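Take a look at the structure set out below.
Positions are given from 1 along the sequence. The analysis underlying the following values was restricted to heavy atoms, covering all of them including side chains, and did not include hydrogens, waters or symmetry mates. Worth saying up front: this structure is predicted, and the values here are computed from it rather than measured.
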Amino acid sequence: MTDELTTLATLYYVDGLTQEELSKRFGVSRATIGRLLKRAQEEGIVEIRVRQSPKVADELERALISRFGVMRALLTPDHTDPEKQRGMLASLVAGFLDKNLQDGMIVAVGMGRNINAVSDHAISTVARDCSFVCAIGGSSQGGEAMNPDHICRRLAAQFGGESETLYAPALVGDRATVEQLVKNGTVRQTLDKARRADLALVGVGDMSADSNMVRMGWFTPSELAEAKRIGTVGDLMGYDFLDIHGRTAATPIQGRVVGLSVADLRRIPNVIAMASEPSKVTAILGALRTGAINTLATSVSNATTLLQMDEAISLGRQPAD
C-alpha cells in the first residue's frame, strides 16, 4: 500500500493532477482520493512545508546579517502551538541540510527538542557519505531529544553516512572530572573530530524553570535562579552559559558538561543555531553576540524581537523581560 500512496502523492503534489483526474484514473471516488492523500501525510510520505513570504523573510534576513554578522537566517512563520512551531522550524532546517550536505562532510550535532525535531523531519533527495558526530556527551534522562547519539543515528539514516558517539556523560559533578574525561583517548578522538566539522547543528537554551536542564535534573531551579541573578541569560549548545553580551557567564554551573565549547564552535565554518520558542529571545541575543553563529534558525516574531531588543540595548534602554 505504501508504494501506491507514494505514486498517488507524486501524481498529485509533483505532477499536478487534480483529485478529479486521480479519481478517474484509479477508479475510486474523490473522497477516497482525499483520504488517501491525507494518509500519505500521516505516514510521512508527504511533508508540506509552509514558508514565510519571501519579501518579509528577505528583509528580516538582511537586517539580521547586518546587525549580527551571521551569514544567513532561516525564518519560519509563527504558530501558536509550540510543537507545530518547532516542527515547522525543523522542517526548514532539514530542507537546508538536504540542499547543502555533501559527501565527506562532518556534522557536529548537539541536543535538545529543536535539534531532535530535525531528525524527525529529515527527508533526503539523495544518499550522501557524511559523518554525524556527537558534540556533547550523552544522558539517560530527558528522552530521545536529550540524547545526541540517538539524533546522530537518525540523521545518518536519513541523509546517508555514519554516526559517531561521544562515549562520555553529558553532565559531571565538577570541572576537574571534565578535564579528566577529555584526556581519555576515545573521548578526545571524537571531540577532535567534532572540532573539524564543516557544519554544526546546535540549540539555544533559556534559564526558565521549565528548561531541559531543570527537567532532566542537571541543575535545580534555585541554581538557575542564582545564575540569572548574576546576569546569565541562556546557554549555547546545552551548557555553555552566556550573558546578554555573549560573554561567558561567571556561574558555578559553568563547565560541568563534556562537549564542544563556544571557542570550538567559532572555528567551525557553519554553525546553525536553532530556537523556535519565544521565551528564548534574550538567550538567542546573547548567543548571537558570541560570534559563533553563522546561520540562525528561528521564527519571524523572534527575529523581529531580536532586532528591537538589540537596538534598545544599543541606545541604552533596558530590554523587557
pair [X]-[Y]: side-chain heavy atoms closer than 4.5 Å:
X: S29; Y: T32; value: yes
X: L199; Y: I268; value: no
X: D235; Y: V204; value: no
X: V109; Y: L155; value: yes
X: D206; Y: T282; value: no
X: E277; Y: T298; value: no
X: K280; Y: N114; value: yes
X: L288; Y: R67; value: no

Give the other cluster members for V133, using side-chain heavy-atom distances under 4.5 Å between Ile, Leu, Val, Met, Phe, Trp and Tyr residues; answer none if it is isolated.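 Listed partners: I106.
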Please tell me whether [X] and [Y] have a donor and an acceptor in their side chains that are separated by less than 3.5 angstrom.
X: Q102; Y: D198; answer: no
X: Q85; Y: S276; answer: no
X: T304; Y: S301; answer: no
X: S261; Y: D240; answer: no

Got a sec, which residues hit side chain to side chain donor-acceptor pair (under 3.5 Å) with T177, two or more places apart in sequence or on another chain?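 Side chain to side chain donor-acceptor pair (under 3.5 Å) check on T177 returns D174.
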Partner residues of R128 under the side chain to side chain donor-acceptor pair (under 3.5 Å) criterion, sequence neighbours left out: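 Here the qualifying residues are D98, S124.
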Any idea which heavy atoms bring [X] and [Y] closest together, and the distance?
X: A297; Y: I272; answer: CB-CG2, 4.5 Å
X: S163; Y: A156; answer: N-CB, 4.1 Å
X: A90; Y: M274; answer: CA-CE, 4.1 Å
X: A194; Y: C134; answer: CB-O, 4.3 Å
X: A197; Y: P269; answer: O-CD, 3.3 Å
X: T76; Y: L92; answer: N-CD2, 4.1 Å

Intermediate values then yes/no, side chain to side chain contact (heavy atoms under 4.5 Å, CB included), L224 and T232: CA-CA 9 Å; L224 288 194; T232 309; over 6 Å; no
Tell me whether [X] contacts the main-chain N or O of [Y] through its side chain, where contact means a donor paired with an acceptor under 3.5 Å.
X: H245; Y: R247; result: no
X: D243; Y: A249; result: no
X: D58; Y: E61; result: no
X: S23; Y: V28; result: yes
X: R256; Y: V172; result: yes
X: N294; Y: V70; result: no
X: T190; Y: V187; result: no
X: S91; Y: M88; result: no
X: N116; Y: G112; result: no

Looking at E162 and K193, does any basic side-chain N land under 4.0 Å from a carboxylate oxygen?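 Salt bridge present between E162 and K193.
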Should the pair D310-R289 be classified as a salt bridge under the 4.0 Å nitrogen-to-oxygen rule?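 A salt bridge links D310 with R289.
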Linking I/L/V/M/F/W/Y whenever any side-chain heavy atoms sit under 4.5 Å apart, do V182 and V262 land together?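 Same hydrophobic cluster.
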Which value, rounded to the nearest 0.5 Å, describes the distance between [X] atom [atom1] and [Y] atom [atom2]?
X: I293; Y: L265; atom1: CD1; atom2: CG; value: 8.5 Å
X: I65; Y: L60; atom1: CD1; atom2: CG; value: 11.0 Å
X: I115; Y: N147; atom1: CD1; atom2: CG; value: 13.5 Å
X: T186; Y: L181; atom1: OG1; atom2: CG; value: 11.5 Å
X: F159; Y: M105; atom1: CZ; atom2: CE; value: 12.0 Å
X: L22; Y: L8; atom1: CG; atom2: CG; value: 5.5 Å

Verdict with reasoning, T248 to Q254, per side chain to side chain contact (heavy atoms under 4.5 Å, CB included): CA-CA 9 Å; T248 298; Q254 186 79 267; 3.2 Å; yes
Under the rule for salt bridge (Lys or Arg N to Asp or Glu O under 4.0 Å), what residues qualify as partners of [X], not counting sequence neighbours?
X: D264; answer: R195, R267
X: E83; answer: R86
X: D149; answer: R153

Got a sec: does the OH of Y167 have more than 12 other heavy atoms crowding it under 6.0 Å?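 No - once you tally the heavy atoms of other residues, nucleotides and ligands closer than 6.0 Å, there are 12 at most.
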For the pair L201 and V93, evaluate side chain to side chain contact (heavy atoms under 4.5 Å, CB included) and give the outcome as yes or no after the intermediate values. CA-CA 9 Å; L201 190 59; V93 172; 3.9 Å; yes
Pair K24-E21, salt bridge (charged side-chain N to carboxylate O under 4.0 Å, His left out): steps then yes or no: CA-CA 5 Å; K24 293 177 180 177; E21 290 170 328; over 6 Å; no
Go through the steps to decide whether L64 and L75 satisfy the test side chain to side chain contact (heavy atoms under 4.5 Å, CB included), and finish with yes or no. CA-CA 11 Å; L64 290 166; L75 304 175; 4.3 Å; yes
Please assess T295 against R72 for the test side chain to side chain donor-acceptor pair (under 3.5 Å), listing each intermediate value before the final yes or no. CA-CA 5 Å; T295 300; R72 64 184 61 80; 3.1 Å; yes
